[in-house]
Amino acid sequence: MRAELKAEVAGLKEKGIVPGLGVILVGEDPASQSYVRAKERACEETGIYSDDNRLAAGTSQEDLISLVKKMNAEAKINGILVQLPLPKGLNEAEVLLTIDPDKDVDGFHPMNIGKMMVGEEAFLPCTPHGIIQLLLRSGVKIEGANVVIVGRSNIVGKPLANMLIQKNDKANATVTVCHTRTKDLALHTRQADIVIAAAGRANTITADMIKQGAVVIDVGVNRVEDAAKKKGYRLVGDVDFEAVKEKASMITPVPGGVGPMTITMLLYNTVESAKRANNLA
Ligand code: NAP
């Protein structure tokens with residue numbers, strides 16, 4: 001998909017169009033910094049212009065809102081990314097509502113969430129959309145599959161469940177959403193043709209919880225201590241990868257898999273937005 005997008009961006013450049021992404025990072029959270037760096041690097045590799053804004057942790061709500069409004073008005077910016085979570089004291093909901101829905105390439109504006117839910121064209125949130133693309137492009141049949149999602153966040157579990165139950169040929173799944181109040185998690189995951197783990201806890205999904213031949217998507221990103229690593233930790237998913245890979249027909253690794261797909265879908269939405277702004281989509 002990255003190669004497809006790169007070619008598409010090159011084609012747009014020949015028409016004088018350069019897709020642009022406005023990036024806003026507030027504060028110094030190390031994980032957010034590394035996500036934003038990866039997104040900016042991906043833009044550069046794809047030929048997308050990125051307008052990078054690093055704001056101090058003490059930035060006021062007013063200053064943040066006025067930067068978003070400035071980007072809403074700028075023709076060279078087709079997408080706006082405000083890296084979440086924002087530092088304490090800033091009102092995330094208000095910031096997301098300020099983003100022009102036509103530039104909401106993260107797909108978090110209630111307008112886009114609502115459109116997605118009723119099956120209208122909208123910017124789809126990047127992580128769930130990336131997961132669906134991963135499945136489709138790996139030849140996994142979603143239609144009619146029993147899918148169990150572990151996690152019900154607004155950025156992964158809830159939108160993903162919604163997208164998978166849509167009545168269209170990229171979805172049509174039967175979906176169960178599990179969370180911390182689910183009585184017997186393994187009872188559900190064992191029935192699943194596709195298990196999607198987005199709990200944010202290492203080893204939430206073990207081999208005994210998986211049906212032979214199931215497809216396993218690991219969304220989780222967790223730090224576990226590892227003295228052998230320079231940083232003192234390593235990243236793992238929510239799935240016991242080594243044991244589950246013996247039973248699953250397909251499984252995504254962490255790092256890798258869902259993370260790079262999330263970034264790819266951000267690029268995809270930015271290119272889509274640039275095409276729409278120029279009446280090419
Ligand atoms: P979140 O807001 O951290 O919420 C976690 C969800 O998992 C909640 O719904 C929680 O249930 C449920 N949960 C937690 N432990 C559970 C357990 N033991 N059994 C069943 N359900 C459990 O979720 P998120 O923001 O979607 O993040 C989830 C993970 O995905 C994190 O590790 C995050 O870093 C990662 N992530 C990765 C990407 C990527 O691009 N790779 C993108 C987004 C997130 P309750 O609702 O009952 O509390």
Side-chain angles (χ1 to χ4, degrees), residues 1-2 23 25 29-43 81-86 88 92-93 96 105-108 113 116 123-135 147-164 175-192 195-210 216-225 233-241 244 251-270:
M1 286 194 78
R2 296 266 178 112
V23 182
L25 171 64
D29 176 65
S32 293
Q33 282 177 331
S34 97
Y35 292 144
V36 164
R37 269 198 303 273
K39 288 168 186 174
E40 289 166 349
R41 207 178 314 126
C43 280
L81 164 81
V82 180
Q83 183 65 40
L84 302 179
L86 290 171
K88 277 204 180 77
E92 250 172 44
L96 295 181
V105 287
D106 256 338
F108 292 157
I113 295 170
M116 172 199 72
F123 287 121
L124 298 173
C126 300
T127 301
H129 192 195
I131 291 168
I132 290 180
Q133 288 297 324
L134 245 169
L135 291 168
V147 181
V148 170
I149 302 171
V150 185
R152 56 175 164 184
S153 72
N154 287 337
I155 59 167
V156 187
K158 276 191 219 164
L160 181 58
N162 243 292
M163 289 161 74
L164 287 169
V175 179
T176 305
V177 182
C178 299
H179 44 78
T180 56
R181 306 293 198 278
T182 298
K183 276 186 191 142
D184 184 349
L185 183 60
L187 178 81
H188 296 283
T189 56
R190 275 191 211 113
Q191 314 290 322
V195 174
I196 302 168
R201 181 172 152 266
N203 282 319
T204 301
I205 305 296
T206 48
D208 57 309
M209 297 167 76
I210 296 292
V216 180
I217 304 281
D218 196 349
V219 188
V221 180
N222 308 295
R223 285 183 180 192
V224 293
E225 276 184 36
Y233 67 86
R234 69 193 151 88
L235 295 180
V236 300
D238 291 348
V239 177
D240 178 4
F241 183 86
V244 172
I251 181 168
T252 64
V254 177
V258 175
M261 279 309 288
T262 297
I263 296 177
T264 303
M265 301 324 291
L266 176 73
L267 306 174
Y268 175 90
N269 280 348
T270 305

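These numbers were taken from a predicted model, which means no experiment stands behind them. Values reported hereafter were calculated over all heavy atoms of this structure, with side chains retained and with hydrogens, waters and symmetry mates removed. Both ligands and their constituent atoms are indexed starting at 1 by order of listing.
With T252 contributing its side chain and V258 its backbone, the two residues share no donor-acceptor pair below 3.5 Å. Looking at R201, its side chain never comes within 3.5 Å of a backbone N or O of N222 through a donor-acceptor pair. Put simply, the side chain of Q133 never gets that close to the backbone of M261: no donor and acceptor are under 3.5 Å apart.
Applying the side chain to side chain donor-acceptor pair (under 3.5 Å) criterion to S153, with sequence neighbours excluded, gives no partner residue. The ring-ring contact (aromatic ring centres under 6.0 Å, His included) search around Y268 returns H129, not counting sequence neighbours. Evaluation of the side chain to side chain contact (heavy atoms under 4.5 Å, CB included) rule for V221 yields Y35, L235 as partners, not counting sequence neighbours.
Residue-level contacts of ligand 1 at the 4.0 Å heavy-atom threshold are T127, V150, G151, R152, S153, I155, V156, H179, T180, L185, A198, A199, G200, R201, V219, G220, V221, N222, V258, G259, T262.
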